[in-house]
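Here the structure comes first, spelled out in structure tokens, and everything after it is commentary.
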Amino acid sequence: MTAMLRWGILSTANIARAAVIPAIQAATNSEVAAVASRDAARAEAFARQLAIPRAYGSYAALLDDPQIDAVYIALPNSLHHEWTLQAVAAGKHVLCEKPLAMNAAQCLEMAAAAEAAGVMLMEAFMYRFHPQITTAQTLIQNGGIGELQHMHAAFTFRLTNPGNIRLQADLGGGALMDVGCYCVNVLRTFAGREPVEVQAHAAWHANGVDERMTGLLRFDGGLTGQFDCALTLARRETFLAAGTEATLELPRAYLPGIGDTIVRVRKSYSEESDQVIAGVDEYRLMVEHFAGCVHTGQAPRYSAREAACTMNVIEALYRSARTQGQPVAVLAC
Ligand SMILES: NC(=O)c1ccc[n+]([C@@H]2O[C@H](COP(=O)([O-])OP(=O)(O)OC[C@H]3O[C@@H](n4cnc5c(N)ncnc54)[C@H](OP(=O)(O)O)[C@@H]3O)[C@@H](O)[C@H]2O)c1
């Protein structure tokens, strides 16, 4: 294994161009070696623009390249399962975009395949690598807001392009799959356990995907978590933890950018404090963590099996939303 993890990029996706390729190129232990597209000319143009040494006209051709150690999969959600399995079979470590797959069963199959092949697989939920998350968790665990009884997560934005993958049901689109998955993930993370039951209501797009969803997660011990996600609303990306003594808020919980961000604790409207968290590139921290795990052989901080727990909740939320908010039990994870 070389000191620099040699990455191949599957697709010319916007997120690869805007955030993850720059993060790999800036990382101390990684380099982008190749990109693949369904279209050779698109791959070549993309490679030229982003200073990537090699370009391939098919994903399979990149997986055949022995000079690639790991792949970053930035494909539509419905293709994550298939291409993770192919990459793992080719002996590549895989960082795959969120949500890891279309359902929990696929996540578990992908995790088992990676374990059998002896390669790393991690879901690219980059927000978890931002220090504001660990700061907030530590503060709550140390009693900084009293007893945590309720949480709220929101991730909304307004999608204007009707051809976007997020509006295609067969590509795994929908608000819950795209941005609601962050809300489910953050609620599970701060609860420190899995919800036992969920309820949801959705507004459906003509294409059959949910364009907006509101959900309730009920945890053992009386803890509750609400969320709303949308492809039709002005940008919000908040997390709030309500305790008996104070409320903790992350005003920019998922995509804070590289500027400073804050963890706000409010005891009352006249007593609130903001802890400033110095700006970082959360994508770069994720890439450096993953590459470090490959180099040392340590398991990634977040396992692919954990991604199945998020999908269990998402599947239950969809079942509830399709039955006008009927309570749905969440399968044990
Ligand atoms: N972590 C984050 O911050 C973040 C942010 C945005 C999106 N994401 C995730 O990243 C993934 C990609 O999202 P994106 O918005 O970047 O997507 P996008 O710009 O639409 O790109 C998707 C790419 O997939 C390839 N593709 C293969 N089959 C396709 C098909 N049937 N239809 C459309 N494209 C197809 C295309 O590349 P080629 O034509 O070159 O093969 C396309 O450029 C999704 O899983 C999404 O959830 C994560």
Side-chain angles (χ1 to χ4, degrees), residues 15 18-30 95 98 122-158 178-192 223 225-230 233-293 300-302 310:
I15 185 62
V20 179
I21 289 173
I24 297 172
Q25 290 173 331
T28 52
N29 54 5
S30 294
L95 177 66
K98 41 54 61 177
M122 192 174 85
E123 183 178 36
F125 260 131
M126 72 299 167
Y127 89 93
R128 306 186 280 202
F129 290 88
H130 198 290
Q132 68 171 340
I133 299 297
T134 36
T135 300
Q137 281 182 299
T138 306
L139 202 147
I140 293 172
Q141 279 156 11
N142 290 344
I145 64 168
E147 183 198 348
L148 174 65
Q149 294 188 352
H150 183 67
M151 302 173 286
H152 188 276
F155 200 160
T156 66
F157 73 104
R158 197 153 161 220
D178 188 48
V179 278
C181 63
Y182 288 91
C183 301
V184 170
N185 195 272
V186 79
L187 293 173
R188 290 181 46 253
T189 299
F190 277 83
L223 177 65
Q226 270 176 304
F227 76 90
D228 73 291
C229 60
L233 293 175
R235 183 70 176 263
R236 266 181 310 141
E237 46 162 309
T238 54
F239 173 73
L240 182 151
T244 48
E245 306 298 326
T247 303
L248 177 145
E249 287 176 48
L250 300 178
R252 300 186 68 188
Y254 317 108
L255 286 169
I258 56 168
D260 292 353
T261 187
I262 56 166
V263 175
R264 174 168 296 153
V265 174
R266 177 179 288 148
K267 290 196 173 143
S268 70
Y269 278 93
S270 57
E271 204 184 337
E272 91 179 15
S273 65
D274 286 350
Q275 183 173 344
V276 177
I277 308 292
V280 290
D281 177 355
E282 59 189 3
Y283 293 94
R284 177 175 167 178
L285 294 181
M286 170 180 71
V287 164
E288 288 180 343
H289 171 75
F290 185 83
C293 289
R301 199 186 302 165
Y302 304 101
T310 300

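Values below: all heavy atoms of this structure, side chains included; hydrogens, waters and symmetry mates excluded.
Looking at Y302 and T189, their side chains never come closer than 4.5 Å, going by heavy atoms from C-beta outward. Between E249 and T238 the shortest side-chain heavy-atom distance does not fall below 4.5 Å. Within the 4.5 Å cutoff, no side-chain heavy atoms of P256 are placed close to those of L250. With contacts defined as side-chain heavy-atom distances shorter than 4.5 Å, the pair F239/Y254 qualifies. M126 is listed as a side-chain neighbour of L255, based on a closest heavy-atom distance under 4.5 Å. Looking at Q149 and T244, their side chains come closer than 4.5 Å, going by heavy atoms from C-beta outward.
Considering OG1 of T261 and CD1 of I277, their distance stands at 7.5 Å, rounded to 0.5 Å. Interatomic distance, CD of Q137 versus CZ of R128, reported as 10.5 Å (0.5 Å rounding). From L139, atom CG reaches atom CD of Q275 across 6.5 Å, with rounding to the nearest 0.5 Å. One finds the NZ atom of K267 at 11.5 Å from the OG1 atom of T247 (value rounded to the nearest 0.5 Å). Separating the CD1 atom in I133 from the OG1 atom in T138 is a distance of 11.0 Å, to the nearest 0.5 Å. Taking CE of M122 as the start and CZ of F290 as the end, the distance is 6.5 Å to the nearest 0.5 Å.
Among all heavy-atom pairs drawn from I140 and A241, the shortest one is CD1-CB, 3.8 Å. Considering all non-hydrogen atoms of both residues, A153 and V186 come closest at CB-CG1, 3.7 Å. Across all non-hydrogen atoms, the minimal contact from D281 to A23 is OD2-CB, 4.0 Å. C181 approaches K98 most closely through the heavy-atom pair SG-CE, 3.6 Å. For the pair S30 and A291, the tightest heavy-atom approach, listed with the atom from each and the gap, is OG-CB, 3.4 Å. Contact between L285 and P131 at its shortest, heavy atoms only, is CD1-CD, 4.2 Å.
Panel note: side chain T156, backbone A234; a donor-acceptor pair is recorded below 3.5 Å. One N or O on the side chain of E288 and one on the backbone of T28 form a donor-acceptor pair closer than 3.5 Å. At distances below 3.5 Å, not a single donor-acceptor pair connects side-chain atoms of Y283 with backbone N or O atoms of Y127.
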Self-check item: side chain to side chain contact (heavy atoms under 4.5 Å, CB included) assessment of D178 paired with F155
Solution: CA-CA 9 Å; D178 188 48; F155 200 160; over 6 Å; no
Quiz prompt | Pair H150-L240, side chain to side chain contact (heavy atoms under 4.5 Å, CB included): steps then yes or no | solution = CA-CA 8 Å; H150 183 67; L240 182 151; 5.6 Å; no
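H289 meets the ring-ring contact (aromatic ring centres under 6.0 Å, His included) test with F129; sequence neighbours excluded. With sequence neighbours excluded, the residues forming a salt bridge (Lys or Arg N to Asp or Glu O under 4.0 Å) with R235 are E237, listed by chain and number. Taking D228 as the reference, R236 meet the salt bridge (Lys or Arg N to Asp or Glu O under 4.0 Å) condition, with sequence neighbours excluded.
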